[in-house]
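Heads up, the thing below is written out as structure tokens.
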Amino acid sequence: MPMKPQLVLDAGGVLVANLSPLFWQQIAGEPAAYDQLVQTYQLELREDLWNGKAAEPAFWHWLRQQLPQLQEHQARRLLHMNIQPLPAMKLIPEWHEVFDIHLLSNHRSEWLLPLLSPVRHCFSSMTISSQFGSSKPAPAIFAHTASLLPPGSRVLYIDDQLHNLPPAESLGWSTLQADNGGRWVRQVLSFA
């Protein structure tokens, strides 16, 4: 029996919505506070949060320090309203019949895994940056995922961020950038 091709998927912007500017705008409340909040987050916490060096509760603690009036339960609700499944999520069972599917994502496992639970059985492996300790486009996280794939297999990697494609291509993987309109989903099965 021939080996199935391997489908490696990013999560944010591919299977679930990214943590968008809308979330930060809703949290900040006013435009001036939004700009400062996002800049401070990117400088102080973003990398450590996605790499798992900062635990998920540190995010909420940091937010409360920045916005003392913030109610954590409301902020959590806004986060979950903003990180919703995208249409491609419904195609995972169909793709699973043709591909071995793997996840390679810069994300927080606490936020992502509940959303993936209906299709989790379709994944052969999951590499999430907060658990792995490194994030894309670092070569180490790509090498780890590559080590989980059958040697010599054909691989299609899909990510919404263009800067994450070259590390995959350096491994000999075919790549496809997920566009905001979701047109990319029509090209997946043509790789099989």
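Because only heavy atoms are used, hydrogens play no part in the values below, and waters and symmetry mates are left out as well, while side chains stay in.
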Does any part of the side chain of [Y], heavy atoms only, come nearer than 4.5 Å to the side chain of [X], both counted from C-beta?
| X | Y | value |
| --- | --- | --- |
| W111 | E56 | yes |
| T175 | Q177 | no |
| I141 | S129 | yes |
| L79 | F59 | yes |
| L15 | H107 | no |
| Y157 | T145 | no |
| S105 | L112 | yes |
| S130 | S109 | yes |

(message) Can you tell me how far apart NE2 (H73) and CH2 (W60) are? Round to the nearest 0.5 Å.
(response)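 With rounding to 0.5 Å, NE2 (H73) is 12.0 Å from CH2 (W60).
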(request) With rounding to the nearest 0.5 Å, note down the distance linking OG1 in T127 to CG in L104. (result)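 Atom-to-atom, T127:OG1 and L104:CG are 6.0 Å apart.
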Please say whether more than 12 non-hydrogen atoms of neighbouring residues, nucleotides or ligands are located less than 6.0 Å from [atom1] in [X].
| X | atom1 | value |
| --- | --- | --- |
| H61 | NE2 | no |
| R46 | CZ | no |
| R120 | CZ | no |
| E47 | CD | no |

(request) Taking all non-hydrogen atoms of both residues into account, name the closest pair between M3 and P150 and its distance. (result)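 The pair with the smallest heavy-atom distance is SD-CB, 3.4 Å.
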(request) Please name the pair of heavy atoms, one in H96 and one in C122, separated by the smallest distance, quoted to 0.1 Å. (result)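 Between these two residues, the closest heavy atoms are ND1-O, 3.1 Å.
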(request) Check the angle between the aromatic planes of W184 and W95 and answer parallel, tilted or perpendicular using the 30° and 60° thresholds. (result)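 Plane angle between 30° and 60°, so tilted.
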Between the side chains of [X] and [Y], does any donor sit under 3.5 Å from an acceptor?
| X | Y | result |
| --- | --- | --- |
| Q161 | N106 | no |
| D10 | N164 | no |
| W173 | Q6 | no |

(request) Might you work through the side chain to side chain contact (heavy atoms under 4.5 Å, CB included) test for M89 and L116, ending with a clear yes or no? (result) CA-CA 8 Å; M89 183 84 78; L116 294 176; 3.6 Å; yes
(request) Apply side chain to side chain contact (heavy atoms under 4.5 Å, CB included) to the pair V155 and H102, showing each step before the final yes or no. (result) CA-CA 10 Å; V155 181; H102 307 268; over 6 Å; no
(request) Please check if L171 and I101 belong to a single hydrophobic cluster, counting links between Ile, Leu, Val, Met, Phe, Trp and Tyr side chain heavy atoms closer than 4.5 Å. (result)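 No, L171 does not connect to I101 through the hydrophobic network.
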